[in-house]
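These notes concern the structure reproduced below.
Please read all numbers here as calculations on a predicted model, not as lab measurements. FYI, the numbering just counts along the sequence from 1.
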Amino acid sequence: GQCGSCMVLIDGRAMNSCLLPAASTVGKKIVTIEGLASGRRLHPVQQAFLDHAAFQCGFCTPGMIIGAVALLSNNPNPSAAQIRDGLHGHLCRCGTYPRIVEAVRSVAAELKEATHG
């Protein structure tokens, strides 16, 4: 429960799967990193991670992306500080935190543009 790399969405809420008894998820909607894409089209956060080279080894990538999706669903326009705070608990062994924050900010900007024109 210390690295955040196994994070999944349980009924829309980000949770570390390593800390969840399987029985506690019965009847709940579980979304993994693979479930974010729509067919061959990546989720905007997944695409932003690619566009901003926000990962290297891939250790943290699934959890970071799931965490970012959850953060943006609760706060579609977070500041850099709010992004860092929202992704607290995710360990990036390569130190790409600045690129991760930039990727999340870019998706937030896209969301803001889409809703405000």
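Considering only heavy atoms from C-beta on, Arg84 comes within 4.5 Å of Val101 through its side chain. Residues Leu9 and Ile66 have side chains in contact (heavy-atom distance under 4.5 Å, counting atoms from C-beta outward). Here the side chains of Leu72 and Val107 are in contact, with some heavy-atom distance below 4.5 Å. Within the 4.5 Å cutoff, no side-chain heavy atoms of Ile100 are placed close to those of Phe55. Between Arg105 and His52 the shortest side-chain heavy-atom distance does not fall below 4.5 Å.
Partners of His90 by side chain to side chain contact (heavy atoms under 4.5 Å, CB included), not counting sequence neighbours, listed by chain and number: Met7, Met64, Leu87.
Atom CD1 of Ile33 sits about 11.5 Å away from atom OG of Ser5, to the nearest 0.5 Å. Here the straight-line distance linking atom CD of Gln47 with atom CZ of Arg41 works out to 8.5 Å at 0.5 Å rounding. Taken from CG in Asn77 to CG in Asn75, the straight-line distance is 7.0 Å, to the nearest 0.5 Å. Here the CG-NE2 distance, from Leu71 to His88, works out to 14.0 Å after rounding to the nearest 0.5 Å. Glu110 CD to Glu113 CD: the interatomic distance, rounded to the nearest 0.5 Å, is 9.5 Å. One finds the CD1 atom of Ile10 at 6.5 Å from the CE atom of Met15 (value rounded to the nearest 0.5 Å).
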Practice prompt. Would you please test Lys28 and Arg13 for side chain to side chain contact (heavy atoms under 4.5 Å, CB included) and show each step?
Written response: CA-CA 11 Å; Lys28 299 189 180 193; Arg13 193 167 149 229; over 6 Å; no
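Glu34 and Thr32 make their closest contact through OE1-OG1, 2.8 Å (heavy atoms, listed as atom of the first residue, atom of the second, distance). For the pair Pro78 and Ile83, the tightest heavy-atom approach, listed with the atom from each and the gap, is CG-CG1, 3.6 Å. Residues Cys18 and Cys6 share a closest heavy-atom pair of N-SG, 3.3 Å. Across Phe49 and Val104, no two heavy atoms sit closer than the pair CE1-CG2, 4.4 Å.
Tracing side-chain contacts under 4.5 Å through hydrophobic residues (I, L, V, M, F, W, Y), one never reaches Ile30 starting from Val69; they form parts of separate clusters. Both Val31 and Ile65 belong to a single network of hydrophobic side chains, linked directly or stepwise wherever heavy atoms of I, L, V, M, F, W or Y lie under 4.5 Å apart.
In terms of modelled atom types and a separation under 3.5 Å, the side chain of Ser79 and the main chain of Gln82 share a donor-acceptor contact.
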